[in-house]
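Worksheet: the structure to be examined is printed underneath.
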Amino acid sequence: MNASTTARGPRTARTPWNRKNPYRARLVDNRILNGEGSTKEVRHYALDLGDSGIEYDPGDGLGVHPVNHPALVDAVLDRLGVAPDSVLDGFERPLADLLTHSVELHTATADFAEFAASLPCDGTFRELVRSPDFASWAWGRDVLDVLEAVDGPVDPAAAVAALTPLKHRTYSIASSPLVHPGRIHLTATTVRRRDTRMRSGACSAYLADRVGNDGAAGVFLVKNKSFRLPEPDVPIVMIGAGTGIAPFRAFLQHRRAQGASGAAWLVFGERHREHDFLYRDELDEFLRDGTVDRLDTAFSRDGSGNEKTYVQHVLRAHGHDLAQWIDRGAHMYVCGSIAMGAAVDAALRHALAEHRGLSPDDATEVVAELRSTKRYARDVY
Ligand SMILES: Cc1cc2nc3c(=O)[nH]c(=O)nc-3n(C[C@H](O)[C@H](O)[C@H](O)COP(=O)(O)OP(=O)(O)OC[C@H]3O[C@@H](n4cnc5c(N)ncnc54)[C@H](O)[C@@H]3O)c2cc1C
C-alpha cells in the first residue's frame with residue numbers, strides 16, 4: 001500500500017486539475033483487447049498520473065479532452081473555403097487550431113443542424129432537423145455531414161459561431177489505486193466506421209491512434225460517489241456488458257488487495273466468447289483465487305438461432321439465486337449501455353416478483369428501496 005492510501009482506499013485530495021485545467025497524463029499502455037476476427041475494437045489504456053496528485057477510488061471516472069481528427073478539420077476548412085491559418089473576425093486564434101481543440105466536429109449537434117437548416121438547403125434535411133427522427137439520423141454523423149446538406153457557400157464566421165464547444169468524454173476507471181498507484185486504466189471502445197469516408201469518435205479514436213504522437217492526453221478526475229464498494233465483508237453482484245466491465249475490474253483488483261471476505265458474483269456480456277471475452281485471463285485468475293465466487297457470461301452472437309442471450313437473460317434464468325444474494329445483503333452494480341441498464345432493471349424486478357412472491361408494484365418498490373439505500377447503483381451511458 002502506498003503512503004497516500006488507507007485500508008479502504010486513497011484519501012481524496014484536492015488537485016488543481018479539472019475540466020478547464022486538465023492534467024497532461026502520459027499514455028503508457030494502449031492495446032486491443034479483442035481477438036482477431038472480432039467486429040469490435042475495445043482497447044485497454046494505462047495513463048500515468050505522474051506528479052499530478054490525482055487520487056481516485058474504484059467507481060470513479062476519468063474525463064478526457066479529445067483532439068479532433070486532422071482529416072476532419074481539413075475537410076471542414078475545405079468546405080468552408082478558408083485557409084487553416086486564417087483568423088476570422090471575432091476569433092483570436094487560427095481557424096485550424098480552433099477547429100482542432102475547441103469545438104465539436106465529430107458529432108452532428110442539434111444546434112449546428114439548426115444553423116444549417118436556416119441556410120439554403122435540401123427541404124427534407126430542414127424537415128428532419130425539426131423532427132423527432134433527428135437524433136437517430138445524427139447518431140454516427142458529424143459536422144461535415146451537416147454541412148453537406150447545405151447548398152452553396154457557408155459563411156465561415158457564422159458557421160464557427162454555431163459550432164458547440166468541445167466537451168470532454170468520461171471513461172470508467174478500470175484499475176484500483178491499491179494495485180496501480182499513480183496509474184489509471186481505462187477500457188474503451190474505439191468508435192470508427194468507414195462508408196463513403198472514415199468517420200470516428202473524437203475521443204476514442206484520439207486515444208487509440210493519435211495520443212501516441214503527443215504522448216499525453218488532458219485528463220481530470222470525475223468522482224462518482226454513488227458507485228462505491230461496500231465494506232469488504234459485504235457481498236456484491238456486478239453486472240456489466242462490453243466496456244461495462246471496466247469498474248468491475250477496478251472493484252475486483254481492490255477487493256483482492258484488501259483481502260475482502262465478501263462474496264462476489266460477476267455477470268459479463270459481450271458478442272463472442274472467442275474474440276470479445278475482455279480481460280478473460282484476469283477474470284479466470286480472479287475466479288481461481290476466490291476474488292470472484294461466481295462468473296456467468298452471456299455471449300449474444302454465439303448462439304446458432306435468432307435468440308440472442310444478453311446479461312438480463314442470465315439474470316432471469318438465475319432469478320432465484322439473485323433474490324437470495326439480495327436477501328444476504330448483497331450490493332448490486334450495473335455498468336454498460338443505457339438499454340442494457342433498463343433490461344437489467346426489469347430482470348431484477350422480475351426476479352424479486354417471482355422468487356419473493358411480490359406483485360409487480362411491490363417488486364418495483366423493493367428495487368426503489370435498494371437504490372435509495374445505496375444497495376443498487378448504476379453507471380450507464
Ligand atoms: C459515466 C460514463 C462512463 C463511460 N465509460 C465508458 C467506458 O468505460 N468505456 C467506453 O468505451 N465508453 C465509456 N463512456 C462513453 C464515452 O464517454 C464516449 O461517449 C465514447 O467513447 C464515444 O466518444 P467519442 O468521442 O469517441 O465519440 P463522439 O465524438 O462522441 O461521437 C462520434 C460519432 O459517433 C457516434 N457514436 C458515439 N458513441 C458511439 C458508439 N458507442 N458507437 C457508435 N457510434 C457512436 C456519435 O453519434 C457521433 O456521431 C462513458 C460515458 C459516460 C457518460
Side-chain angles (χ1 to χ4, degrees), residues 19 30 32-34 39-47 56 58-69 71-73 99-101 103-110 112-113 134-146 163-175 184-195 197-211 217-227 238 240-251 268 270-271 276 278-279 333-341 377-381:
R19 192 168 52 84
N30 170 2
I32 296 179
L33 294 172
N34 312 86
T39 50
K40 293 184 90 173
E41 181 185 314
V42 181
R43 287 177 183 255
H44 172 83
Y45 298 102
L47 292 138
Y56 64 97
D60 284 338
L62 190 72
V64 181
H65 270 276
V67 174
N68 292 327
H69 198 293
L72 183 58
V73 171
L99 294 185
T100 302
H101 297 287
V103 290
E104 288 287 336
L105 289 189
H106 290 258
T107 53
T109 63
F112 193 69
F134 175 72
S136 62
W137 178 87
W139 183 251
R141 288 195 163 87
D142 58 27
V143 156
L144 199 57
D145 291 306
V146 174
L163 289 168
T164 49
L166 185 58
K167 290 191 311 281
H168 72 272
R169 273 47 166 177
T170 304
Y171 295 92
S172 312
I173 294 177
S175 52
I184 278 181
H185 293 184
L186 306 178
T187 313
T189 302
T190 314
V191 175
R192 49 172 127 233
R193 179 166 65 90
R194 174 174 285 287
D195 41 39
R197 64 184 165 85
M198 194 71 205
R199 287 175 180 76
S200 61
C203 198
S204 58
Y206 164 63
L207 282 171
D209 305 332
R210 304 192 309 280
V211 176
V219 305
F220 62 98
L221 196 61
V222 179
K223 282 265 162 214
N224 187 356
K225 288 189 178 148
S226 57
F227 208 82
M238 298 160 285
T243 53
I245 190 68
F248 303 140
R249 181 176 182 264
F251 277 12
F268 172 66
E270 249 293 0
R271 286 185 182 168
D276 306 319
L278 308 178
Y279 300 113
Y333 302 87
V334 180
C335 186
S337 70
I338 292 171
M340 170 264 193
R378 303 199 299 170
D379 187 8
V380 293
Y381 45 87

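Atoms within a ligand are numbered from 1 in the order they appear, just like the ligands themselves.
Between Ala246 and ligand 1, a contact under 3.5 Å exists for no N or O pair. Polar contact check, Ser204 against ligand 1: a nitrogen or oxygen pair lies under 3.5 Å apart. For a threshold of 3.5 Å applied to N or O pairs, the pair formed by Ala202 and ligand 1 contains at least one separation below that value. Between Ser172 and ligand 1, at least one N/O pair is under 3.5 Å apart. By the 3.5 Å distance cut-off applied to N or O atoms, Arg169 is counted among the residues near ligand 1. Any N or O atom pair closer than 3.5 Å counts here, and Tyr171 shares at least one such pair with ligand 1.
Heavy-atom separations between Ser200 and ligand 1 include at least one value shorter than 4.0 Å. Distances from ligand 1 to the non-hydrogen atoms of Asp142 include no value under 4.0 Å. Judged by the shortest distance from any of its heavy atoms, Gly140 lies inside the 4.0 Å radius around the atoms of ligand 1. Distances shorter than 4.0 angstrom do not occur between any heavy atom of Gly244 and any atom of ligand 1.
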Thr243 and Tyr171: CA distance, side-chain angles, deciding distance, side-chain hydrogen bond (donor to acceptor under 3.5 Å, both in side chains) verdict: CA-CA 9 Å; Thr243 53; Tyr171 295 92; over 6 Å; no
CA sep, side-chain torsions, deciding dist, call: Thr187, Tyr279, side-chain hydrogen bond (donor to acceptor under 3.5 Å, both in side chains): CA-CA 10 Å; Thr187 313; Tyr279 300 113; 2.8 Å; yes
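Close contacts between ligand 1 and Thr107 involve ligand atoms 28 (P), 29 (O), 30 (O), 31 (O), 48 (C) [criterion: under 4.0 Å to a heavy atom]. For ligand 1, the atoms sitting less than 4.0 Å from at least one non-hydrogen atom of Gly201 are 24 (P), 25 (O), 26 (O), 27 (O), 28 (P), 29 (O), 32 (C), numbered in the order shown with element in parentheses. Set against the non-hydrogen atoms of His106, the atoms of ligand 1 under 4.0 Å away are 29 (O), 32 (C), 33 (C), 48 (C), 49 (O). In summary, the atoms of ligand 1 found under 4.0 Å from a heavy atom of Ala188, numbered by their order in the structure, are 9 (N), 10 (C), 11 (O).
The single protein non-hydrogen atom nearest to atom 50 (C) of ligand 1 is Thr170 O, 3.0 Å, given as residue, atom name and distance. Protein heavy atom in closest approach to atom 15 (C) of ligand 1: Tyr381 CD1, 3.7 Å.
When heavy-atom distances to ligand 1 are checked against a 4.0 Å cut-off, Thr187 comes that close only through its backbone atoms N, CA, C and O. Counting heavy atoms closer than 4.0 Å to ligand 1, residue Arg141 contributes backbone atoms (N, CA, C, O) but none from C-beta onward. The part of Ala138 lying near ligand 1 is the backbone, judged by heavy-atom distances below 4.0 Å.
In this structure, the side chain of Asp60 does not engage the main chain of Ile173 through any donor-acceptor pair within 3.5 Å.
Residue Arg19 places its CZ atom among 12 or fewer non-hydrogen atoms of other residues, nucleotides or ligands, all under 6.0 Å distant.
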